[in-house]
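Read the structure below first, then the notes.
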Amino acid sequence: MPKQYFYITTPIYYVNGAPHLGHAYTSTAADVLARWNRLEGHDVFFLTGTDEHGQKVEAAARLAGVEPQVFTDRVSADFQDMARVMNISNDDFIRTTEPRHKEAAQAIWLKLQENGFIYLGKYEGWYSVRDEAFYDEDELTIKPDGTKAAPTGAPVEWVIEPSYFFKLSAFQDRLLEFYAANPGFIAPPSKRNEVHNFVKSGLRDLSVSRTSFSWGIPVPGDEAHVMYVWMDALVNYLTACGYPDMTGPRAGYWPASLHLVGKEIIRFHAVYWPAFLMAADLPLPERVFSHGWWTVEGEKMSKSLGNFIDVRPLVAEFGLDPVRYFLLREVPFGNDGDFSRKALIGRINSDLANGLGNLAQRTLSFIAKNAGAVVPPKGELCEPDCVLLALAGELPEKVRGAMTRLAFHEALDETWRLIRAADGYIDHQAPWSLRKTDPERMNTVLYTLCAVLRTVAVVLQAFMPELMNRLLDYLGVGAERGLAILDTPLLEGMALPAPAGLFPRIQDA
RNA sequence: GGCGGCGUAGCUCAGCGGUAGAGCAGGGGAAUCAUAAUCCCUUGGUCGGAGGUUCAAAUCCUUCCGCCGCUACCA
């Protein structure tokens, strides 16, 4: 079977603020999918990065008293640090200030222009100098003296500035046809309906250049303009594949298998981006998946509350893999969720320490003390062994199904069904009693448990890579650790190292 | 205003036409290999309210109440 390509992206994160829980969430989810596909033996390309142009960055740099490039270098490094701390296995980290990206963005611009989808017009509207933003007529309020004001109370003036436009209006029907022909393109389904309705309600041409600031990629041939940030940013997914050279080593990864995005940017990925690609005669990504937002202790993360959570202190306190587990287990992917210490500690103690961790420890330490510290020899299997092993045998397929739908919580729930069954099995088989009455049977029970633990560990590597690697070490599993090894039985007689607890219980008031 | 979603056990949610389910939390018992972890049993819901369709409705329809999302240049 030929290797299957899997190209997955996170959004490139905007560098006008520090990385927080939301960014870590997207990256972790993407990482789990990337790792899962590697376990499947697929050829994976996993991209993340930073989006560094635009007026807000220019303003943030000015506020920090440094040049934009210096500013973005600093913030981008912080995002890269977050990725390192979260053990994100990205194959590349793209920055929109890199020369390769400038080249790609300008190339696609020229392509769109050549194909007749870009024209020079003028952008006009009510502009507030103080807010540096345009407002719609219906957003404005009339002040007692008859002048108009922005929702922020700032005065506005009618401003006309030259701008290049993208003929988005030309793509309405093609987009609708595409959605109809590819019902899986936008997920979850509720988002598909929203996007569909948006497009159906009519598309206006999109202003894709600015002259009011300069921190951006110059429009080819008219350097008074810089490219609109989204026009610039979305192209990153192509840049990383080598665009405009689509014959290079990475060209085969395009089109992307999946763009993972937060729900606030679904439209850019599900409407503008496909339209740009159609206009440039390029194939469209297979899927755009929009996930939800986290509240923190019941409250929305916001500047005014100052409650943005940085995951790095959490990782320092609770450990990396438990935090990764929590993010993907706690909330059905696609829904909003709440992050709280109580919930995090509850998950860690119930699922990890008392569940998987305890199961592994009671099995492995028993083997270390009473079964010669090797994978015990498997004797004749009894009914309960077969039932449990059959359940384990079904797990990869169940998880595969859930992962295909990005139903991470279901994948984990299925895995924990097996873990609970194994806990029941060890209690009922009671190897501590068999030790005296029937050592052979004891070995078979312990072997069965090791086999089940191996299945669990292999599958969970995508979610908790470090600790599941350790568990596989404890089980004497060799260097090859992909899903394919589950087709061959666990080797008996392998010497096992002394096990140590995987998930410490959290003592917390 | 328009379009759409949600409201099921204390909590988080699954079920989406055939006599209410899971995990966690609570209660009782067992066991003692293990991170005082585990196992077994168990309490608990007129499935937001009211109408209707049907032999049969959390499950379909109507309506009301309460939340929430989208409604173009905001990362």
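In this text, all values refer to a predicted model and were calculated from it rather than measured experimentally. We name chains A, B, ... by the order of the sequence lines, and we start the count at 1 in each one.
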Practice task
Classify the nucleic acid contact of Leu364(A) as base, sugar-phosphate or nothing, counting any heavy atom under 4.0 Å across all strands shown.
Solution key: nothing

Handout entry: Integer-rounded Å distance: G69(B) P and Ile186(A) CD1
Key = 20 Å

Exercise for the section: Indicate whether the side chain of Glu52(A) and that of Thr96(A) have a donor and an acceptor atom separated by less than 3.5 Å. Expected result: no

Handout entry: Whole-Å C1' distance, G52(B) and A14(B)
Key = 28 Å

Practice task
Under 4.0 Å between any heavy atoms, over every strand shown, what does Ala233(A) touch: base, sugar-phosphate, or nothing? Just pick one.
Solution key: base

Exercise for the section: Name all residues meeting the side-chain contact (heavy atoms from CB on, under 4.5 Å) criterion together with Glu299(A); count only those two or more places apart in sequence or in a different chain, and write none if there are none. Expected result: Leu305(A), Asn307(A)

Handout entry: Pair Trp230(A) and Tyr272(A), ring centroids less than 6.0 Å apart
Key = no

Practice task
Output all residues satisfying ring-ring contact (aromatic ring centres under 6.0 Å, His included) with Phe185(A), sequence neighbours left out; order by chain, then residue number.
Solution key: Phe178(A)

Exercise for the section: Could you pull out all residues at least two apart from Asp438(A) that satisfy side-chain contact (heavy atoms from CB on, under 4.5 Å)? Expected result: Leu434(A), Glu440(A), Arg441(A)

Handout entry: Nearest-nucleotide comparison on RNA chain B, the residue closer to the 5′ end among Phe165(A) and Ser433(A)
Key = Ser433(A)

Practice task
State, without any angle test, whether His259(A) and Thr9(A) hold a side-chain donor-acceptor pair at a distance under 3.5 Å.
Solution key: yes

Practice task
Go through the side-chain N and O atoms of Arg505(A) and Asn354(A) and say whether any donor and acceptor fall under 3.5 Å apart.
Solution key: yes

Handout entry: No-hydrogen, no-angle side-chain donor-acceptor test under 3.5 Å, Ser207(A) and Ser163(A)
Key = yes

Exercise for the section: Determine, stepwise, if the pair Thr48(A) / Asn90(A) fulfils side chain to side chain donor-acceptor pair (under 3.5 Å). Expected result: CA-CA 6 Å; Thr48(A) 187; Asn90(A) 52 297; over 6 Å; no

Exercise for the section: Kindly say if Arg210(A) contacts the phosphate of C73(B), meaning a side-chain N or O under 4.0 Å from OP1 or OP2. Expected result: no

Exercise for the section: Provide, to the nearest angstrom, the distance between the CD atom belonging to Gln172(A) and the C1' atom belonging to A72(B). Expected result: 13 Å

Practice task
Between A58(B) and A9(B), how far apart are the P atoms? Round to whole Å, please.
Solution key: 15 Å

Provide a list of protein-nucleic acid N or O atom pairs under 3.5 angstrom, restricted to nucleotides 2-12 of chain B.
{"unit_1": "C3(B)", "atom_1": "O2'", "unit_2": "Asn197(A)", "atom_2": "ND2", "d": "2.9"}

Exercise for the section: Evaluate the criterion side chain to side chain donor-acceptor pair (under 3.5 Å) for residue pair Ser76(A) and Gln80(A); output intermediate values, then yes/no. Expected result: CA-CA 6 Å; Ser76(A) 180; Gln80(A) 289 174 61; 3.2 Å; yes

Exercise for the section: Quickly work out the Ile348(A) CD1 to G23(B) C1' distance and round it to whole Å. Expected result: 17 Å

Practice task
Rounded to whole angstrom, note down the C1' distance from A36(B) over to U12(B).
Solution key: 26 Å

Handout entry: Span that lies between the P atom of G15(B) and that of C40(B), in whole angstrom
Key = 25 Å

Exercise for the section: Report which part of the nucleic acid Gly202(A) touches: base, sugar-phosphate, or nothing (heavy-atom distance under 4.0 Å, all strands). Expected result: base

Handout entry: Euclidean distance, atom CG of residue Asn370(A) to atom C1' of U32(B) [Å, nearest integer]
Key = 13 Å

Practice task
Go through His53(A) and Tyr228(A) one step at a time and tell me if the side chain to side chain donor-acceptor pair (under 3.5 Å) criterion holds.
Solution key: CA-CA 9 Å; His53(A) 289 131; Tyr228(A) 171 51; over 6 Å; no

Handout entry: Value in whole Å for how far the P atom of C73(B) lies from CZ of Phe213(A)
Key = 15 Å

Problem - Interatomic distance at P, C55(B) relative to A25(B), whole Å - result: 46 Å

Practice task
Determine if the base of A31(B) is syn or anti; take syn to mean the glycosidic torsion is within 90° of 0.
Solution key: anti

Exercise for the section: Starting at atom CD1 of Ile266(A), determine the distance to atom P of C74(B), rounded to an integer number of angstrom. Expected result: 19 Å

Practice task
Scan Arg329(A) against the nucleic acid and name what it touches under 4.0 Å (heavy atoms): base, sugar-phosphate only, or nothing.
Solution key: nothing

Handout entry: P spacing across the pair C60(B) / C73(B), given as an integer number of angstrom
Key = 36 Å

Exercise for the section: Encode nucleotides 34-42 of chain B as B, S and - characters from 5' to 3', where the letter depends on protein heavy atoms closer than 4.0 Å: B to the base, S only to sugar-phosphate, - to neither. Expected result: BB-SBS---

Practice task
Compare the minimum distances between each of C73(B), U32(B), A72(B) and the side chain of Tyr272(A), then state the nucleotide with the smallest one.
Solution key: A72(B)

Practice task
For the side chain of Lys191(A), starting at C-beta, report the closest nucleotide among G69(B), U71(B), U32(B).
Solution key: G69(B)

Handout entry: Rounded distance in Å between the C1' positions of U19(B) and A30(B)
Key = 33 Å

Problem - Asp413(A) CG to G21(B) P, straight-line distance once rounded to whole Å - result: 18 Å

Exercise for the section: Assign Trp416(A) to base, sugar-phosphate, or nothing according to its heavy-atom contacts below 4.0 angstrom with the strands shown. Expected result: nothing

Exercise for the section: Nearest whole angstrom, please: distance from the C1' of A72(B) to the CD of Glu264(A). Expected result: 15 Å

Problem - Stem segments of RNA chain B by first residue number [Watson-Crick or G-U, under 3.5 Å, at least 3] - result: B:1-7 with B:65-71, B:10-13 with B:21-24, B:26-30 with B:38-42, B:48-52 with B:60-64

Practice task
Verify the distance criterion only: is there a donor paired with an acceptor across the side chains of Tyr119(A) and Asp205(A) at less than 3.5 Å?
Solution key: yes

Exercise for the section: Could you measure between the two P atoms, the one in C13(B) and the one in A20(B), and give it in whole Å? Expected result: 23 Å

Exercise for the section: Using only heavy-atom distances, determine whether the side chains of Thr295(A) and Asp338(A) contain a donor-acceptor pair under 3.5 Å. Expected result: yes

Practice task
Go through the side-chain N and O atoms of His225(A) and Thr211(A) and say whether any donor and acceptor fall under 3.5 Å apart.
Solution key: no

